[in-house]
Amino acid sequence: MALRVRFAPSPSGYLHIGGARTALFNWLWARKLGGTFVLRVEDTDQERSNPESVRAIFDALRWLGLDWDEGPEVGGAFGPYFQSERRALYREVAERLIANGAAYRCDLTKEELDQLRADYKAKNPKGEFVYRGPVRECTDPTKPHVVRFRVPREGATHFVDKVFGAISTPNSEQSDFVLMRSDGFPLYNFAAVVDDHAMGITLVARGRDHVGNTPQQVLLYKALGFEPPEFAHLPLMLAANGEKLSKRNASVGVQDYRDRGYSPGGVLNYLVRFGWSHGDQEIFSRDELVKLFDWDRVGKSDGKFDEKKFADVQFEHLKRPELTSSEDYASMVAPFLAARGLTAPDGARLAAAIPTIRDRAHTLVEAADLLDFFLREPPVMDEAARPLLTPATAPYLETLKMICVETEPFAAPALEARFKAWVESSGIKMKDVAQPVRVALTGRKASPGLFDVMVVLGRKATLDRLDRGIRIATGS
RNA sequence: GGCCCCAUCGUCUAGCGGUUAGGACAUCGGCCUCUCACGCCGGUAACGCGGGUUCGAUUCCCGCUGGGGUCACCA
């Protein structure tokens with residue numbers, strides 16, 4: 001049977017970094033085996049679901065490059081892909097279950113059930129409350145009621161997990177769980193099973209926080225006469241303090257990292273290495289991941305999210321041309337340049353400047369800052385740097401100007417050789433003359449190498465900037 | 001608390017009976033240097049505890065301890 005996996009987010013917020021990881025593992029598996037990656041929106045909770053979240057999640061997935069083969073906005077033969085549009089199907093399946101006795105209508109209210117639970121807890125503080133109904137038969141289907149699944153009293157339910165192996169839970173622990181709410185909407189476990197089957201999903205890969213749902217789902221597959229899919233649960237990504245990852249203890253939105261100037265490749269790389277490994281290798285291109293990913297290399301233990309490591313992994317992606325081409329770099333940094341008013345930068349100069357900042361820009365936000373003086377004419381003069389242009393430094397700039405005019409070709413090695421020769425013969429220290437030159441050229445106290453900067457700027461702009469530096473130095 | 005799961009440096013991990021227990025991030029030194037970076041070299045740092053099994057356990061089994069998840073008309 002052809003591999004079909006899915007990512008099924010509920011649109012009640014931004015795409016969580018943990019959710020992105022789940023999506024990634026599913027996507028990788030589909031891409032590796034030529035399977036189908038389905039996106040399904042689990043919007044059965046009317047209260048929490050909202051269209052802004054749907055938008056945000058789609059945007060984040062697209063930004064990460066996790067494209068779906070079937071789902072909202074791309075279609076497919078198994079739609080609709082919003083659960084809110086599939087209610088007729090859930091109702092129909094629920095009726096079938098009631099008809100064959102696997103489920104029953106229950107008109108016990110939430111409050112009554114809470115009371116039952118409380119009473120039980122009062123008497124058995126150490127026991128587990130298990131609801132086994134119906135305590136009261138709901139004879140009138142027109143009255144508000146939920147539909148509950150009749151869990152077998154005996155035996156155990158087991159399944160084989162692709163990462164954890166065999167897992168089994170005694171049925172005596174399981175309450176008669178709700179399939180359909182009184183408002184007619186299905187509950188997660190039920191909708192997921194109905195849809196995963198209807199959509200032909202062959203492997204359900206999700207976070208480990210879902211292992212407790214799996215027995216209930218397996219029970220449902222059995223009751224419906226469906227063949228259960230394979231299951232794979234991912235170890236959890238916890239916050240640095242060991243608690244469940246949340247907005248309270250970390251930046252958890254994929255959005256957050258995009259805004260701070262991380263590249264999608266870097267984000268994916270960090271996420272996949274969290275729980276999966278390939279020997280000692282740390283950095284992977286997307287293509288490598290598709291080729292190398294496998295479930296038998298997925299570990300079982302939860303881990304703690306590490307911002308520092310994340311930052312470093314993503315820096316590697318920005319640093320290496322084989323992972324981020326100059327063209328990709330330029331287009332990724334464009335929005336950040338635009339944010340500082342550089343909406344239509346000189347493309348050729350930008351392309352030339354990028355190699356000089358790769359080792360310096362840890363994020364695209366930093367990249368835009370480092371690129372700024374290359375692309376702005378004249379460059380912004382940093383107030384802290386200006387004092388370095390004293391009258392005494394003007395002769396240095398004059399000499400460099402002369403060298404710039406004479407040197408052919410206008411290339412870094414030749415420029416550097418001539419300038420250094422002059423510096424040495426003058427008995428000055430390179431470090432004393434370099435800073436004034438840097439300030440004249442860039443307006444800053446720190447920048448890429450002087451001669452690389454000159455070459456990127458070209459002879460004309462270099463001379464113009466040196467002239468400006470001389471004017472500032474001499475106060476004219 | 002019931003049920004389920006997990007356990008190697010601070011963190012992510014390699015290891016699948018015999019290794020000086022490896023890598024990466026972080027951290028601490030040093031080198032390189034026109035600034036800032038990058039890079040390079042080196043240091044500190046881990047098998048939770050107790051029983052087995054075995055000639056030999058980080059590795060296999062059991063218990064303990066510790067950690068996590070989950071117990072809704074949320075997903």
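Numbers restart at 1 for each chain; the letters A, B, ... are given by sequence-line order, proteins then strands.
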Could you pull out the protein-nucleic contacts involving nucleotides 11-15 of chain B (nitrogen or oxygen on both sides, under 3.5 Å)?
unit_1: B/C12; atom_1: OP1; unit_2: A/K304; atom_2: N; d: 2.7
unit_1: B/C12; atom_1: O2'; unit_2: A/R273; atom_2: O; d: 3.1
unit_1: B/U13; atom_1: OP1; unit_2: A/G275; atom_2: N; d: 2.6
unit_1: B/U13; atom_1: O3'; unit_2: A/S277; atom_2: OG; d: 3.3
unit_1: B/A14; atom_1: OP1; unit_2: A/S277; atom_2: OG; d: 3.0
unit_1: B/G15; atom_1: OP1; unit_2: A/R297; atom_2: NH1; d: 3.3
unit_1: B/G15; atom_1: OP1; unit_2: A/R297; atom_2: NH2; d: 3.4

Identify all pairs in which a protein N or O lies below 3.5 Å from an N or O of nucleotides 39-49 of chain B, and state each distance.
unit_1: B/G39; atom_1: OP1; unit_2: A/K319; atom_2: NZ; d: 2.9

Got a list of protein N/O to nucleotides 1-3 of chain B N/O distances below 3.5 Å?
unit_1: B/G1; atom_1: O2'; unit_2: A/K126; atom_2: O; d: 2.3
unit_1: B/G1; atom_1: N2; unit_2: A/E128; atom_2: OE1; d: 3.1
unit_1: B/G2; atom_1: O2'; unit_2: A/E173; atom_2: OE1; d: 2.9
unit_1: B/G2; atom_1: O2'; unit_2: A/E173; atom_2: OE2; d: 3.4

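Ring orientation note: the planes of A/H210 and A/Y188 are tilted relative to one another, at an angle of 30° to 60°. Using bins of under 30°, 30° to 60° and over 60° for the plane-to-plane angle, the ring pair A/F305/A/F310 lands in the perpendicular bin. Using bins of under 30°, 30° to 60° and over 60° for the plane-to-plane angle, the ring pair A/F58/A/W68 lands in the tilted bin.
Among residue pairs with one or both ends in residues 425-444 of chain A, none qualify as ring-ring contact (aromatic ring centres under 6.0 Å, His included); sequence neighbours excluded. Identified under the salt bridge (charged side-chain N to carboxylate O under 4.0 Å, His left out) test for residues 157-170 of chain A, with sequence neighbours left out: A/K162-A/E230.
Where A/D312 and A/R148 each meet RNA chain B at their nearest nucleotide, the meeting point lying more 5' is that of A/D312.
For A/K126, the salt bridge (charged side-chain N to carboxylate O under 4.0 Å, His left out) test picks out no residue, with sequence neighbours left out. By the salt bridge (charged side-chain N to carboxylate O under 4.0 Å, His left out) test, A/R444 pairs with A/D369, sequence neighbours left out. Applying the ring pair (Phe, Tyr, Trp, His ring centres under 6.0 Å) criterion to A/H197, with sequence neighbours excluded, gives A/F226. A/S175 is linked by a side chain to side chain contact (heavy atoms under 4.5 Å, CB included) to A/V130, A/Y131, counting only residues two or more places apart in sequence or in another chain. Residues satisfying the salt bridge (charged side-chain N to carboxylate O under 4.0 Å, His left out) criterion with A/R468, sequence neighbours excluded, are absent altogether.
For the pair A/R21 and A/F25, the cation sits on the ring face: its NZ or CZ lies under 6.0 Å from the ring centre, inside 45° of the axis. A cation-pi arrangement is present between A/R87 and A/F185 under the rule of less than 6.0 angstrom and at most 45 degrees off the ring axis.
Within residues 187-197 of chain A, the residues that have a heavy atom under 4.0 Å from RNA chain B are, in order of number, A/L187, A/Y188.
Rounded to whole Å, the C1' atom of B/A14 lies 24 Å from the corresponding atom of B/G66. Atom P of B/A26 sits at a distance of 27 Å from the matching atom of B/G68, rounded to the whole Å.
At distances below 3.5 Å, not a single donor-acceptor pair connects side-chain atoms of A/R260 with backbone N or O atoms of A/V365.
At the heavy-atom level, A/H210 lies under 4.0 Å from base atoms of the strands shown.
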*Give the B/S/- string for nucleotides 27-35 of chain B, one per nucleotide from 5' to 3', where a protein heavy atom under 4.0 Å of the base yields B, of only the sugar-phosphate yields S, and otherwise -.*
-------BB

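The side chain of A/R48 has B/C74 as its nearest neighbour among B/C74, B/A75, B/C73.
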